[in-house]
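A short worksheet on the structure shown next.
Protein chains get the first letters and strands the later ones, always in sequence-line order, with residue 1 at the start of each.
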Amino acid sequence: MGQTTQLPCAGDGICMLCKTKPLEEEKLTCKTCVTPWHANCLLSRPATLADTLQWECPDCTSLSAGQPPVPAGTVLVDGAGESSNSLIAAIRAIEADTSLTERQKANKRQQLMSGKAGSEEDDENGKKKKIHKGGEKDVLDVLGGTLNCSFCMQLPDRPVTTPCGHNFCLKCFQKWTAQGKSTCAKCRHIIPSKMASQPRINSSLVAAIRMAKMSKNVVDGGPSRVYHCVHNQNRPDQAYTTERAKKRGNANAASGKIFVTVPHDHFGPIPPENDPIRNRGVLVGDCWEDRYECRQWGAHFPHVSGIAGQSKHGAQSVVLSGGYMDDEDHGEWFLYTGSGGRDLSGNKRTSKEQSFDQQFEKSNKALQVSCMNGYPVRVVRSHKEKRSSYAPEKGLRYDGIYRIEMCWRKVGIQVCRYLFVRCDNDPAPWTSDEHGDWPRSLPVISELNEATDITERKESPSWGFDDGDSMWKWLKTAPPSSKRVEEVKEEDVNTARIAIRKAHNTSVRDKLLKEFSCLICRQVMVSPVTTPCAHNFCKSCLEGAFVGQTFVRERSRGGRSLRSKKNVMKCPSCPTDISDFLQNLQVNRELMDVIESLKSKAEENEDPEEEAQEDAGGSGGNSFAESENEETSSGTDIGDDLNSEKPSEAEGDENKSSVEKHEVPVPAVKHTVKRKQVDDGGNSSEEVGAKKMRTSSEAETVDEGNDSPSSPLHVASENDFQ
DNA sequence: GGGCCCGCAGGG
DNA sequence: CCCTGCGGGCCC
């Protein structure tokens with residue numbers, strides 16, 4: 001794997017693409033990052049000696065311009081040519097301005113990207129005005145650039161945090177480690193190898209940057225619909241702390257109630273009108289504990305299969321969960337492998353080895369149909385995809401709409417392959433951008449050179465970017481559904497809505513709490529530390545959590561290490577061993593500064609939250625109310641209310657009764673599960689399975705309580721492609 | 001952490 | 001009705 005893109009030479013000088021050590025004259029050094037590259041493996045090489053000296057590598061080109069280099073012959077995704085031309089032209093103009101220093105150029109580029117520029121093309125297009133109302137002094141101004149990534153000197157994009165508390169862009173960090181560097185670029189502390197190989201995005205910092213960018217709005221209690229993704233990931237890992245986690249038995253559970261009213265063959269986003277319970281639809285960043293919950297909210301219906309689709313109709317959604325080793329995830333685009341070709345004998349559901357060829361049939365055909373028609377495909381990422389930096393820490397997360405731009409069959413044991421490219425109006429959960437996707441050019445896929453059955457879309461896509469509206473939408477009518485939709489009872493909707501609103505809160509302090517609570521003390525973090533697994537705690541809380549346990553240092557007695565497995569100290573939020581990290585806790589000063597700054601801003605404007613709450617209430621927003629989650633889970637509020645009306649209803653032998661009766665917002669659907677009996681004779685008492693229960697409490701993702709129509713696409717700014 | 005195996009849902 | 005499947009719990 002890893003053959004798709006262009007890669008530099010590693011620390012040992014070996015080209016990461018062709019794995020050979022290039023001759024001196026085959027080496028190209030980037031003028032910006034000084035990384036060596038193998039010229040023979042580049043898609044386009046500088047033509048003259050002068051060009052060679054001024055050569056900028058593909059990474060830097062894409063980092064600075066937010067756009068990958070576009071080699072000759074690259075297909076442009078629709079719209080890119082038109083709409084982003086002016087932006088690209090503006091970037092080129094900056095680059096060409098010899099009166100500017102590199103630093104000034106970077107600043108200008110950043111302004112351009114973040115929509116603050118107020119420059120020519122704003123007026124030209126007249127559609128990029130909204131976000132920054134005037135030049136108010138926001139949190140970022142106050143911080144004066146301390147948050148910037150020390151590689152690119154810009155706000156960290158997809159921020160990752162080293163155990164020593166320093167923050168970088170994921171891309172910059174990866175480039176650093178790819179050169180064989182194993183120490184922090186800022187303080188030279190050692191970077192643990194696991195973090196170097198699998199850096200995880202620090203979702204609190206994503207939130208911090210988003211809030212800082214929009215700090216004016218935050219204080220207004222204003223829109224922040226993009227946050228909901230974050231705190232969900234950053235919540236304590238209930239699987240290790242609560243009763244619910246100890247409960248077992250979802251393995252063979254029946255599906256719970258579907259809470260949305262879209263048919264199973266519905267294409268595109270789940271809109272608010274099909275979400276009678278929350279009236280907000282499924283938003284980018286929504287998280288679920290498992291595939292059952294994901295299914296209940298309509299993001300992806302099949303509970304084992306990774307592809308939802310019908311060969312005649314098209315595919316509606318996919319899940320990325322690492323089931324196929326060839327998959328490659330670059331966030332805004334990824335390569336997906338079709339299903340099939342595996343030996344499932346022995347009553348298996350999955351298998352690792354690809355034992356025979358796949359064909360474009362069934363689900364694989366469905367994906368191909370979606371490719372050819374340019375249908376929107378919902379994408380859900382699972383924590384089980386361990387190799388991706390974009391995977392959520394736990395559970396599953398809705399990452400928005402993608403389109404399949406091409407598909408083909410790969411050589412070897414033939415598998416169907418699909419190139420997915422993001423095209424959603426909301427920003428991806430890992431960016432701190434305020435805007436969604438802008439049409440982008442396709443990445444270069446090297447495996448295509450040896451591919452067969454290459455399929456590309458011939459006609460215009462059904463889902464595309466409308467230049468007039470500056471947004472992605474249906475350009476053709478959506479394919480009609482052939483499935484029936486289950487209704488949701490009116491009174492249940494109302495009951496649920498009231499219950500949800502009860503748990504709703506929108507004060508600034510609550511928002512800070514949601515995003516920045518320490519997972520131990522549940523207060524807004526003081527002196528935050530970020531673990532290598534990207535969880536955040538107060539320094540003192542984390543220290544306190546292990547105070548009873550004496551850490552046995554790694555010294556040996558009689559040659560034998562004292563630290564056995566039992567002495568390993570696990571992150572309070574996940575099973576990661578953080579023993580080493582605990583030995584030398586470093587505060588994430590940059591995160592701390594943002595939080596402090598936001599906090600003091602919030603305190604300045606303490607009052608106006610009441611009205612804001614009123615307004616927001618109308619949209620039926622809800623929130624997690626996560627701070628009480630352990631004792632009285634937020635969902636139980638709802639469940640209890642409803643259950644008290646209908647006590648012990650689904651108690652019965654037929655497990656599907658409640659489903660068929662549409663006991664709607666009952667978040668807890670009960671069902672029985674038969675357990676396999678292991679030989680020992682007639683013990684009838686145990687053999688009928690235990691009652692299993694699924695609650696939806698974890699499925700309630702946060703809504704910032706604001707669906708104000710002013711939210712949408714703001715500035716057209718270019719998204720970093722890879 | 002790896003292997004095993006189950007019911008269930010959905011496509012055809 | 002049969003076949004498939006990027007889950008999930010459990011046991012080791």
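- Heavy-atom contacts from other residues, nucleotides or ligands closer than 6.0 Å to NZ of A:K386 number more than 12.
- The NE2 atom of A:H303 sits 12 Å away from the C1' atom of C:dT4 (whole-angstrom rounding).
- In this structure, A:L344 atom CG and B:dG3 atom P are separated by 16 Å, rounded to whole Å.
- Rounded to whole angstrom, the span from the CD atom of A:E289 across to the P atom of C:dG8 amounts to 9 Å.
- For A:K194, the NZ atom is loosely surrounded, since the number of other residues' heavy atoms within 6.0 Å does not exceed 12.
- A:S305 comes within contact range of the sugar-phosphate backbone alone, with a heavy-atom separation under 4.0 Å but no base atom that close.
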Before giving the answer on salt bridge (charged side-chain N to carboxylate O under 4.0 Å, His left out), spell out for A:R422 and A:D437 the whole-Å C-alpha distance, their side-chain angles and the decisive distance to 0.1 Å.
CA-CA 7 Å; A:R422 195 169 192 277; A:D437 298 295; 2.7 Å; yes
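- The side chain of A:N347 places no N or O atom within less than 4.0 Å of a non-bridging phosphate oxygen (OP1 or OP2) of B:dC5.
- For the OP1/OP2 pair of C:dG5 and a distance below 4.0 Å, the side-chain nitrogens and oxygens of A:S339 include at least one atom meeting the criterion.
- Within the structure, the ring-ring contact (aromatic ring centres under 6.0 Å, His included) test picks out the following pairs touching residues 335-364 of chain A (sequence neighbours left out): A:Y336-A:F420.
- Side chain of A:V319, nearest nucleotide from B:dC5, C:dG5, C:dG7: C:dG7.
- Residue A:K384 contributes atom NZ, which lies 16 Å from atom P of C:dG5 at whole-angstrom precision.
- For A:K348, counting side-chain heavy atoms from C-beta on, the closest listed nucleotide (B:dC5, C:dG8, C:dG5) is B:dC5.
- Rounded to an integer number of Å, the gap from A:D329 CG to C:dC6 P is 17 Å.
- How far CG of A:D275 is from CD of A:E273: 9.5 Å, rounded to the nearest 0.5 Å.
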I'd like a table of atom pairs between the protein and nucleotides 10-12 of chain B - only N or O on both sides, under 3.5 Å - with the distance next to each one.
| unit_1 | atom_1 | unit_2 | atom_2 | d |
| --- | --- | --- | --- | --- |
| B:dG10 | OP1 | A:H264 | ND1 | 2.8 |
| B:dG10 | OP1 | A:R295 | NH1 | 3.0 |
| B:dG11 | OP1 | A:Q310 | NE2 | 2.8 |
| B:dG11 | OP2 | A:K483 | NZ | 3.0 |
| B:dG12 | OP1 | A:S311 | N | 2.9 |
| B:dG12 | OP1 | A:S311 | OG | 2.5 |

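- Checked against a 6.0 Å centroid threshold, the rings of A:F334 and A:Y402 count as neighbours.
- If you measure from atom NE2 of A:H383 to atom C1' of C:dG7, you get 10 Å, rounded to the nearest angstrom.
- Separating the NZ atom of A:K352 from the P atom of C:dG5 is a distance of 16 Å, rounded to the nearest angstrom.
- A:Y292 does not qualify as a stacking partner of the B:dC8 base, lacking a centre-to-centre distance under 5.5 Å together with planes within 30°.
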Applying the Watson-Crick and G-U criteria (both distances under 3.5 angstrom) with [ ] for crossing and | for other-strand pairs, one obtains for DNA chain B ||||||.|||||
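- Checking each of A:R378, A:R381, A:R280 against A:D286 for a salt bridge (charged side-chain N to carboxylate O under 4.0 Å, His left out) leaves exactly one that passes, namely A:R280.
- Distance A:R291 CZ to B:dC8 C1': 13 Å, rounded to the nearest Å.
- Cation-pi geometry between A:R417 and A:Y324 is not met at under 6.0 angstrom from the ring centre and within 45 degrees of the axis.
- Cation-pi geometry between A:R403 and A:W472 is not met at under 6.0 angstrom from the ring centre and within 45 degrees of the axis.
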